Amino acid sequence: MWIRRRRGWEIPEHLATPESVFLDRRALIGGAAGLAAGSLLGGGRVLAATDTASLYPAPRNDGYALDRAVTPERFSGDYNNFYEFGMSKTVLPAANALKTSPWTLKIDGLVEKPFEIGVDDLVRKAGLEERLYRHRCVEAWSMAVPWTGFPLSKLVALAKPTSGAKYVRFETFMDKAMAPGQKVFYYPWPYVEGLTMAEAGNDLPFVVTGIYGKPLPNQFGAPIRIAVPWKYGFKSAKSIVKVSFTADRPKTFWEGLQASEYGFWANVNPAVPHPRWSQATERVLGTDQRVPTLIYNGYGEQVAGLYKGLEGERLFV
Ligand SMILES: Nc1nc2c(c(=O)[nH]1)N[C@H]1C(S)=C(S)[C@@H](COP(=O)(O)O)O[C@H]1N2
Ligand SMILES: [Mo]
């Protein structure tokens with residue numbers, strides 16, 4: 001173990017630097033100590049990536065404006081869908097059990113060379129920005145939040161998919177001891193979602209590592225999830241451990257459960273009702289308002305072109 005001795009002229013660094021930077025440096029020192037120990041023991045040890053907390057809040061990208069107020073965290077952070085931790089909206093206490101560090105993302109399937117990368121390393125490589133996005137759950141509630149992350153297209157570029165790749169598939173962690181919801185046997189665990197390569201290449205799909213200017217609290221799908229704002233919320237898989245590139249359309253969690261109600265495309269459309277309820281309006285979290293739902297959740301200008309020639313598909317279920 002390294003002991004860090006302070007010289008007489010140094011002031012304690014937590015007095016000289018903001019707390020987040022101080023914590024980050026301590027993490028760096030921890031990493032260096034690990035490196036030293038690793039090489040003493042002959043190496044070969046995989047190090048935990050250094051902390052990235054000091055990168056928040058990230059600069060906002062003003063290209064993504066909202067037509068409504070941001071939902072305060074006290075509403076969005078206590079009304080979540082995260083079936084791994086239970087079927088109620090109050091998963092916050094149970095999600096405390098989610099161990100988010102270290103966390104490794106596996107990139108595999110039809111790529112030049114499969115690899116694994118620590119989430120903090122990935123964040124440092126990709127960089128972070130903040131975007132304001134609407135979110136529309138298939139259950140007809142909605143919110144608007146400042147996500148922090150980077151475009152999915154950056155991750156795709158890093159993964160180097162081969163020409164045979166037609167879809168990207170996202171898989172959530174699987175750990176029944178940590179996530180008691182995964183003991184519910186009639187759900188097709190693990191949670192899986194997917195996009196076409198054309199969808200993944202659009203500017204909007206966002207790899208999310210933070211919200212409200214800080215790293216993701218567990219109940220939002222820490223430490224890494226996606227946000228696909230023109231599709232119903234279930235397309236935005238949380239706590240992802242694997243991103244695979246495939247030739248065949250991935251079978252998703254909700255399709256596995258009830259394909260007639262939750263399809264692969266799941267684009268938001270107020271004119272196409274869910275088999276059991278209308279999608280014409282939505283309840284805005286934290287308000288008592290219902291507002292009209294917009295086609296593609298208001299992102300039609302950016303995404304409608306993706307579906308030319310696909311009119312025969314069930315695009316809106
Ligand atoms: N792994 C996983 N991802 C998930 C879910 C889930 O239960 N498990 N629920 C989905 C649904 S239905 C919605 S609406 C959003 C909710 O995200 P939020 O709780 O962060 O608002 O996450 C989606 N991603
Ligand atoms: Mo949802």
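Note that this is a predicted model, so its numbers are computed, not measured. Counting starts at 1 for both ligands and their atoms, in listed order.
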*What protein heavy atom sits nearest atom 1 (N) of ligand 1, and how far away is it?*
Glu84 OE2, 2.9 Å
*Please indicate whether any nitrogen or oxygen in Lys238 is less than 3.5 Å from any nitrogen or oxygen in ligand 1.*
yes
*Check whether more than 12 heavy atoms from other residues, nucleotides or ligands sit under 6.0 Å from atom NZ of Lys89, and answer yes or no.*
yes
*Per the ring-ring contact (aromatic ring centres under 6.0 Å, His included) rule, which among Tyr262, Tyr191, Phe264, Trp265 passes with Phe234?*
Tyr262
*Report the relative orientation of the aromatic rings in Trp254 and Tyr83; use parallel for angles under 30°, tilted for 30 to 60°, perpendicular for over 60°.*
perpendicular
_Distance alone, cut at 3.5 Å: any donor-acceptor contact between the side chains of Tyr167 and Asp248?_
no
*Would you say Ser236 touches ligand 1, if touching means a heavy atom closer than 4.0 Å?*
yes
*Phe220: numbered ligand 1 atoms lying under 4.0 Å from its heavy atoms*: 20 (O)
*Should one rank Ser76, Ala95, Ala179, Gly233 by closest heavy-atom distance to atom 13 (C) of ligand 1, which comes out on top?*
Gly233
_Protein residue, atom and distance nearest to atom 12 (S) of ligand 1, heavy-atom basis_ = Asn81 ND2, 3.4 Å
*If you measure only the distance, is there a donor-acceptor pair under 3.5 Å linking the side chains of Arg290 and Thr281?*
yes
_For ligand 1 and Trp147, I'd like to know whether there is a polar contact (N/O to N/O, distance under 3.5 Å)._
no
*Sub-4.0 Å heavy-atom contact, His135 with ligand 1*: yes
*Hey, can you tell me if Tyr187 and Phe253 have their rings parallel, tilted or perpendicular (30° and 60° cut-offs)?*
parallel
*Looking at atom 20 (O) of ligand 1, what's its closest protein heavy atom, distance included?*
Arg225 NH1, 2.6 Å
*Distance-minimising heavy-atom pair for Ser236 and Ile226*: CB-O, 3.1 Å
_With a 4.0 Å cut-off on heavy atoms, is Met143 in contact with ligand 1?_
yes
*asked:* Tell me the contacting part of Thr172 for ligand 1: side chain, backbone, both, or neither, using a 4.0 Å heavy-atom threshold, strictly below.
replied: side chain
*Taking the six-membered ring of Phe115, is the NZ or CZ of Lys106 close enough (under 6.0 Å from the centre) and on axis enough (within 45°)?*
no
*Give me the ring orientation class for Phe85 and Phe173: parallel if the planes are under 30° apart, tilted from 30 to 60°, perpendicular past 60°.*
tilted
*Please determine if Lys251 and Glu193 form a salt bridge, counting it only when a charged side-chain N lies under 4.0 Å from a carboxylate O.*
no
_Where ligand 1 meets Cys137 - atom numbers and elements under 4.0 angstrom, heavy-atom basis_ = 14 (S)
*Before signing off on this row, confirm whether Tyr83 and ligand 1 have an N or O atom pair separated by under 3.5 Å.*
yes
*Option nearest atom 10 (C) of ligand 1 (shortest heavy-atom distance, choices Tyr262, Phe82, Tyr191)*: Tyr191
_With nothing but distance in play, are any N or O atoms of Asn80 less than 3.5 Å from an N or O of ligand 1?_
yes
_Taking only non-hydrogen atoms of Lys235, do any sit less than 4.0 angstrom from ligand 1?_
no
